[in-house]
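Only one structure is covered here, and it is reproduced in the block below.
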Amino acid sequence: MQIRLDKYLADMGIGTRSEVKQQVRKGQVRVNGAPVKDPGQKVAPGEDLVEYQGEAVVYAQKEYYMLYKPMGCVSAVSDRTHKTVMEYITCSRRKDLFPVGRLDLDTEGLLLITNDGALSHGLLAPGKHVEKTYYARVTGVVGQQEAECFLHGVEIGDETPTRPARLEILSQEEGEGGWVSEILLTLTEGRFHQVKRMFEAVGKRVLYLKRISMGTLKLDETLEPGEYRALTEEEVSQLMGAGQGKGKEKRNGEVYEENWNSYRQP
Ligand code: URA
């Protein structure tokens, strides 16, 4: 595959298309050691050596980062008021990176940042039912009643109830402010404020929310809020398999996905 030199440089974040054209015309760019002044010259990523101001510019088609999103920033590419998640990805100059899905301003945890639109679609498309697991601290005593309720789907004010979700109770403790439960909740959809609205629907309030996994990807426990790292090749290829659909089973008139069978309470 060959692409235009100005596209190659712009894709790698050297500047806008018109800025890099100027840089090429000024003689700032060499291809295989020779100065090139034609921005339209074709180059082969991975084969030709492209240098900008004496430094090699390696063409990476797709980039994948796992960010431990901290609270207080928005899951958007730009925002007038708040810091965006993109501002944490300081190692890349690419302009086409974006967050895969959203976490609320006050939610923290795993956020994938990439320029791979197909992967993003595979992970977010409603029909793909990719699992996302959240850790939360919730007011009150959360128990089997809520687990049953979430497993069967709960009305949260949308056209349809939520899809079956698996609730795991980690602890229930009474403190000065009353009872607080720690839970893990696994969803296969991503509606607006879904976790908070599901708990509201059963009379509870989410005090703290953190996403710990998305499909096969788990939040790296060595990351602190605000830190990120590139995904490994293995993580990327596993993730690409994650959105490819799962078998379905019909039981009692309801459809369950294969891997949700074990989520039924005894
Ligand atoms: N559910 C929520 O309520 N908020 C999030 O940020 C993610 C899931």
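Whatever order the structure lists them in is the order used to number ligands and atoms, beginning at 1.
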### Query
Linking Ile, Leu, Val, Met, Phe, Trp and Tyr through side-chain heavy atoms less than 4.5 Å apart, which residues share a cluster with Leu207?
Val180

Please set out all donor-acceptor pairs under 3.5 angstrom arising from side-chain atoms of residues 56-72, sequence neighbours excluded.
residue : atom : partner : partner atom : Å
Tyr59   : OH   : Asp11   : OD2          : 2.5
Glu63   : OE1  : Tyr65   : OH           : 2.7
Glu63   : OE1  : Ser92   : OG           : 2.8
Tyr64   : OH   : Asp116  : OD2          : 2.5
Tyr68   : OH   : Glu108  : OE2          : 3.0
Tyr68   : OH   : Lys210  : NZ           : 3.4
Lys69   : NZ   : Cys73   : O            : 3.0
Lys69   : NZ   : Asp104  : O            : 3.0
Lys69   : NZ   : Leu105  : O            : 3.3
Lys69   : NZ   : Thr107  : O            : 2.8

Put together the list of close N/O pairs, under 3.5 Å, between ligand 1 and the protein, could you?
residue  : atom  : partner : partner atom : Å
ligand 1 : 1 (N) : Gln194  : N            : 3.4
ligand 1 : 1 (N) : Val195  : N            : 3.1
ligand 1 : 3 (O) : His193  : O            : 3.3
ligand 1 : 3 (O) : Gln194  : N            : 3.4
ligand 1 : 3 (O) : Val195  : N            : 3.3
ligand 1 : 3 (O) : Lys196  : N            : 3.1
ligand 1 : 4 (N) : Asp104  : OD2          : 2.7
ligand 1 : 6 (O) : Asp104  : N            : 2.7
ligand 1 : 6 (O) : Asp104  : OD2          : 3.4
ligand 1 : 6 (O) : Thr107  : OG1          : 3.0

### Query
Is there a donor-acceptor contact under 3.5 Å from the side chain of Asp158 to the main chain of Thr160?
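No.
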
### Message
Tell me every residue that passes ring pair (Phe, Tyr, Trp, His ring centres under 6.0 Å) with Phe98, counting only those two or more places apart in sequence or in another chain.
### Response
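Expected list: none.
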
#### Entry: Nearest heavy atoms of Lys204 and Val138, plus distance in Å
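Closest approach of Lys204 to Val138: CB-CG1, 3.5 Å.
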
### Task
Tell me, with the steps shown, if Arg229 and Glu235 meet salt bridge (charged side-chain N to carboxylate O under 4.0 Å, His left out).
CA-CA 12 Å; Arg229 69 159 171 81; Glu235 282 171 331; 2.8 Å; yes

